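Have a look at the structure below before the remarks.
Keep in mind that this is a model prediction, so the values were computed, not measured. Naming: A, B, ... by sequence-line order, numbering from 1 per chain.
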Number of protein chains: 2
Amino acid sequence: MNKCSQCIVRQFSSLKHLTKEELLRVSACKTSKIIKKGDFLFEEGEHINGVFCIKDGVCKVSKMSENGKNQIINLINHGNIIGERSLISNEVSNLSAIALNDMTVCFIPKDEIMKDLEMNTAFSFDVLKTMANSLKSADNLIVDMAQKSVKQRLAESLLNLKEKFGTTNQGVIDIHLSREDIANIIGTATESAIRLLSELKKKDIIEFKGKDIVIKNEQELEKIAYGF
Amino acid sequence: MNKCSQCIVRQFSSLKHLTKEELLRVSACKTSKIIKKGDFLFEEGEHINGVFCIKDGVCKVSKMSENGKNQIINLINHGNIIGERSLISNEVSNLSAIALNDMTVCFIPKDEIMKDLEMNTAFSFDVLKTMANSLKSADNLIVDMAQKSVKQRLAESLLNLKEKFGTTNQGVIDIHLSREDIANIIGTATESAIRLLSELKKKDIIEFKGKDIVIKNEQELEKIAYGF
DNA sequence: TTTAAAATATGATATTTGTCAGCTTTTCAA
DNA sequence: TTGAAAAGCTGACAAATATCATATTTTAAA
């Protein structure tokens with residue numbers, strides 16, 4: 001079993017504030033899992049009872065609305081932690097997490113991580129900071145969802161995806177999402193998302209490589225997304 | 001000057017975890033202010049450099065979208081604290097706060113509150129919990145904004161307002177909002193909000209007392225908002 | 001009190017977005 | 001390899017919502 005001290009998650013998450021001793025304890029009690037593409041890390045209404053460290057892969061975090069439509073709230077890349085929110089409020093999860101590709105994750109049980117939260121103020125303050133940043137992002141997303149058109153939200157999402165996941169050497173945005181996933185990120189019907197993507201393609205602003213997307217005219221996309 | 005130990009904000013916020021000594025220090029360095037209806041507590045882009053304790057009154061927390069439209073993210077009632085988010089991430093505020101009626105607030109400067117956050121783990125853990133709850137609410141709002149119709153959002157908002165602010169003895173929801181404010185809460189044009197309110201009135205689901213609102217048929221409103 | 005400005009209200013119309021139907025392409029398991 | 005299922009695509013139309021115009025009512029300042 002690998003040591004946490006070497007792990008990519010440690011470098012990029014609040015876990016970097018854990019001491020060597022604390023890491024050894026975490027290493028000892030963690031369990032490692034492979035999650036197949038399409039499988040749940042956890043589901044809405046489930047007691048998670050710990051946090052997941054994502055060593056490899058990407059997952060979508062989503063929630064079902066009362067209308068029966070799915071909304072993707074966030075995409076979580078490897079190097080990050082997921083599940084702290086429910087842990088801290090001591091509630092069942094209000095969100096689901098589903099693997100977008102095959103993932104390698106470690107699960108750290110609640111008791112262990114709570115002990116560290118209580119004892120290590122540098123760690124807990126970093127968790128607090130991360131949560132504050134998430135809250136800021138969430139507020140921004142609320143405003144976008146409420147005030148921007150579907151077209152603007154699509155343009156902005158494409159820019160965000162490129163920023164977050166980068167591009168391959170062929171310029172393709174380096175995350176594979178179905179058209180339905182894209183629709184569920186921007187909060188629209190799948191057909192509408194497809195139609196608007198076709199429109200962007202027709203205007204030579206984007207291009208398809210297979211089903212994945214290349215941004216050809218970033219400036220124009222910014223103009224659509226932000227109005228400048 | 002009043003002591004913080006007696007204050008309503010202490011009862012209802014994370015400040016209840018401060019010790020007597022800590023409260024005395026806070027009492028000594030706080031400044032008290034009257035904010036008139038319509039005035040800013042703080043504005044987007046401003047360095048807040050502290051937190052506000054709301055002793056009396058209500059404020060709206062809003063953000064301007066790139067389209068130039070205003071979105072109200074939250075309403076903060078007396079007894080609560082506002083401004084921690086920016087303080088913790090050490091950034092200018094991404095939101096504005098505007099008084100909906102005359103307010104009495106206390107301002108606690110950054111250094112003082114940061115000291116308590118570092119030293120008092122019960123306090124900082126409660127702040128973390130509060131932030132986690134805010135994040136959950138924000139996630140729910142994202143889904144509503146993305147997936148529900150304006151009509152559903154209006155119905156849900158009316159129910160939320162009644163829940164949060166209660167009603168007077170005449171059954172009127174005990175918060176005065178302009179039609180524009182209501183539109184900015186649900187994320188629609190003022191005319192659309194007015195039209196849908198008229199429709200609810202025509203169907204005898206709500207009633208106007210002056211410009212304020214009485215919910216006459218809560219069940220029907222729930223059916224619109226949640227589909228049951 | 002008077003009066004201008006702001007808020008509320010409603011109609012007409014344009015635009016955006018959702019829904020349904022049907023078709024083609026891709027994927028994946030037998 | 002092949003054939004069924006899933007995903008992607010497009011058109012036609014319906015529904016929701018925004019925008020603009022204008023009228024009425026309320027508010028607040030002179």
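- The 5' end of DNA chain C is approached more closely, in terms of each residue's nearest nucleotide, by Leu196(A) than by the other of Leu196(A) and Lys211(A).
- For the atom pair CD1 of Ile224(B) and CG of Asn217(B), the computed distance is 8.5 Å after rounding to the nearest 0.5 Å.
- Taking atom CG of residue Asn67(B) and atom P of nucleotide dT19(D), one finds them 9 Å apart after rounding to whole Å.
- Remark: C1' of dA6(D) and NE2 of His176(A) are 12 Å apart, rounded to the nearest angstrom.
- Lys60(A) pairs in a side-chain contact (heavy atoms from CB on, under 4.5 Å) with only one of the listed residues (Ile185(A), Ile72(A), Asn184(A), Leu95(A)), which is Ile72(A).
- Following rounding to the nearest Å, Ile194(A) (CD1) and dG18(C) (P) show an atom-to-atom distance of 13 Å.
- Atom-to-atom, CG of Leu154(A) to P of dG18(C) comes out at 12 Å; the value is rounded to the nearest Å.
- Listed nucleotides: dT17(D), dT10(C), dT19(C). Nearest to the side chain of Thr188(B): dT17(D).
- Residue Arg179(A) has its side chain nearest to dC9(D) when only dT8(C), dC9(D), dG18(C) are considered.
- Across the interface with DNA chain C, nearest-nucleotide mapping of Ser192(A) and Phe208(B) shows Phe208(B) to be the residue nearer the 5′ end.
- Closest approach to the Ser149(A) side chain among dT17(C), dA16(D), dG8(D) is made by dT17(C) (side chain taken as heavy atoms from C-beta onward).
- The distance between atom CD of Gln147(B) and atom P of dT17(D), rounded to the nearest whole Å, is 13 Å.
- For Lys110(B), the NZ atom counts as densely surrounded, since its 6.0 Å shell holds more than 12 non-hydrogen atoms of other residues, nucleotides or ligands.
- For the pair Asp212(A) CG and dT27(C) P, the computed distance is 10 Å after rounding to whole Å.
- Between the CG atom of Asn184(B) and the P atom of dT8(C) there is a distance of 12 Å, given to the nearest Å.
- Regarding Ile182(A), its CD1 atom lies at a distance of 18 Å from the C1' atom of dT17(C), rounded to whole Å.
- Along DNA chain D, the nucleotide closest to Glu191(B) and the one closest to Glu180(A) are compared, and the more 5′ of them pairs with Glu180(A).
- For Ala189(B), the side-chain atoms get nearest to dT19(D) when compared with the rest of dT17(D), dA21(C), dT19(D).
- A distance of 4.0 Å separates CG in Asn67(A) from CD in Gln152(B), rounded to the nearest 0.5 Å.
- Judged by distance alone, with hydrogens and angles left aside, Arg195(B) brings a side-chain donor or acceptor within reach of the base of dG11(C), the pair sitting under 3.5 Å.
- Within 4.0 Å of Thr190(B), counting heavy atoms only, lies no atom of the nucleic acid at all.
- For dT17(D), its base never sits under 3.5 Å from the side chain of Arg153(B) at any donor and acceptor pair.
- To the nearest 0.5 Å, the span separating CZ on Phe208(B) from CD1 on Ile213(B) amounts to 6.0 Å.
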